[in-house]
Amino acid sequence: MKSKLLTILIVAFVAVNYIACKKTEVKNPYDEIDRTVQNDNPDADAIPVGNFAWLHAKIFKPTCANSGCHDGTFEPEFRTIASSYNSLVNRPVIANDPAESFSYRVVPGNHSASWLHERMTVDVENTSGMMPAVIDEGSDYPEMRDFYISKIEEWIDGGAQDMFGNPAPSAGANGEPLVFGMVIFPSGNTTDAFPREENLELGFGPILVSGNNVDFWFTAYDDNAGLNNYTSFKMKLSQSLSDFSSSPEIPCVLSGPVAALDFTNNPTAYYYKASVDVSSIPSGETRYVRVYVNDGIQTTDTETPNSASNYFWYLLFSIKKA
């Protein structure tokens with residue numbers, strides 16, 4: 001009897017502990033929640049055709065940044081606008097054709113000398129074949145291929161400018177910082193981003209802010225400066241979309257990060273914040289934003305957007321008091 005009772009107790013103990021262990025293995029349902037802030041940005045069709053941001057949104061990100069391909073596994077790195085531009089323009093090739101004909105992935109002004117163009121138009125011997133190697137189901141690349149290739153050729157032959165119209169850095173030169181996202185929240189809030197004004201003609205408008213104090217957040221990339229290495233990171237607000245000469249500088253401080261979407265609607269981390277008092281802006285008035293960043297190597301700050309930028313970017317970097 002004692003032996004049978006002991007056996008029952010042991011079985012019960014094991015069963016209880018098994019159940020307890022199984023409970024600890026239950027998956028947390030909140031792990032599946034996407035906590036990226038859904039801030040409003042225009043879709044790819046609103047970006048000026050042929051602009052590098054358009055090339056990224058239409059071609060490089062959906063076609064080339066597939067898992068195991070150019071998703072950070074190896075260069076070129078197509079996950080973001082910034083990493084795409086930085087790993088393409090005047091960047092040395094790793095693979096090559098049998099004759100070693102190519103030196104750089106993108107040679108500004110010459111699409112025929114650019115390895116990117118070669119890989120997308122020729123099945124090069126001893127490579128993995130013509131790119132893209134895998135085309136996602138639902139992609140419009142097969143029917144739009146000739147048009148997309150022509151836009152890549154135009155971009156390269158036009159000097160391979162970045163999305164803000166800045167000239168391409170020369171081979172081996174320091175690349176300027178690239179600001180590729182802006183999101184605004186009520187002060188102290190990092191979940192409820194202010195929306196953009198709807199604009200039926202352009203598809204988007206300024207960010208509609210309200211209240212007295214708001215937090216601007218920016219995401220930037222530089223080929224030399226890490227998060228802590230920018231020697232200057234600031235912004236200005238102006239009633240004029242082109243004249244910021246009399247606008248006071250507002251410092252941006254390293255903070256966060258906040259997970260939000262960049263300008264081509266890809267999740268990214270935002271680290272630089274500027275707290276701004278907007279109480280003096282009358283309801284219905286628009287203010288334009290410029291961002292000034294220095295990586296410590298430049299002689300002057302990079303201004304984003306700037307006088308070379310398309311009006312699209314002026315509007316994207318703008319706010320309107322609700």
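All figures in this text were calculated on a predicted structure; none of them were measured in a lab.
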Side chain proximity check, [X] to [Y], heavy atoms < 4.5 angstrom:
| X | Y | value |
| --- | --- | --- |
| S187 | V214 | no |
| S238 | R290 | no |
| Q239 | E285 | yes |
| L116 | I152 | yes |
| N213 | V278 | no |

Any donor-acceptor N/O pair, [X] side chain to [Y] backbone, under 3.5 Å:
| X | Y | result |
| --- | --- | --- |
| Q38 | T36 | yes |
| T80 | S83 | yes |
| D243 | S240 | no |
| R196 | D40 | yes |
| N224 | N174 | no |
| D215 | G188 | yes |
| N310 | W313 | no |
| R91 | N86 | yes |
| T231 | D295 | no |
| S101 | D97 | no |

Side chains of S150 and E154, donor plus acceptor under 3.5 Å: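 Distance-only check fails for S150 and E154.
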
Verdict with supporting geometry, E153 and K151, salt bridge (Lys or Arg N to Asp or Glu O under 4.0 Å): CA-CA 5 Å; E153 291 173 352; K151 292 304 170 185; over 6 Å; no

Derivation and outcome, salt bridge (Lys or Arg N to Asp or Glu O under 4.0 Å), residues D140 and K58: CA-CA 9 Å; D140 67 354; K58 286 286 192 177; 5.0 Å; no

F216: which of L237, V183, V291 passes side chain to side chain contact (heavy atoms under 4.5 Å, CB included):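 That would be L237; it is the only one of L237, V183, V291 passing the side chain to side chain contact (heavy atoms under 4.5 Å, CB included) with F216.
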
Test side chain to side chain contact (heavy atoms under 4.5 Å, CB included) applied to M235 and V293, V276, V179, T304, the passing residue: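 Among the candidates, only V276 passes.
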
Nearest heavy atoms of [X] and [Y], plus distance in Å:
| X | Y | value |
| --- | --- | --- |
| V107 | A113 | CG2-O, 3.5 Å |
| F102 | V93 | O-CG2, 3.4 Å |
| N306 | Y314 | O-OH, 2.9 Å |
| P42 | L316 | CD-CD1, 3.4 Å |
| V106 | A160 | CG1-CB, 4.0 Å |
| P186 | F194 | N-CE1, 3.3 Å |

Stacked cation flag K273 on F218, 6.0 angstrom / 45 deg: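 Verdict for F218: no cation-pi partner in K273.
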
Pair E249 + K234: basic N to acidic O under 4.0 Å: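 Yes.
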
Lys/Arg-Asp/Glu bridge criterion (N-O < 4.0 Å) met for R145, E143: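 Looking at E143 together with R145, the answer is no, because their closest N to O distance does not fall below 4.0 Å.
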
Which pairs of donor and acceptor atoms, one on a side chain in residues 48-55, lie under 3.5 Å apart (sequence neighbours left out)?
residue: N51; atom: OD1; partner: A53; partner atom: N; Å: 2.8
residue: N51; atom: ND2; partner: M163; partner atom: O; Å: 2.8

Aromatic centroids of Y270 and F185 separated by under 6.0 Å: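 No: the rings miss the under 6.0 Å criterion.
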
Ring centres under 6.0 angstrom apart (F164, Y85):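 No, they do not, as the ring centres are separated by 6.0 Å or more.
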
Residues that F233 engages under ring pair (Phe, Tyr, Trp, His ring centres under 6.0 Å), provided they are two or more places apart: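 Expected list: Y230, Y272.
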
Qualifying residue, where the test is side chain to side chain donor-acceptor pair (under 3.5 Å) with N294 and the options are D301, T299, T302: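 Looking at D301, T299, T302, the match for N294 under the side chain to side chain donor-acceptor pair (under 3.5 Å) is D301.
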
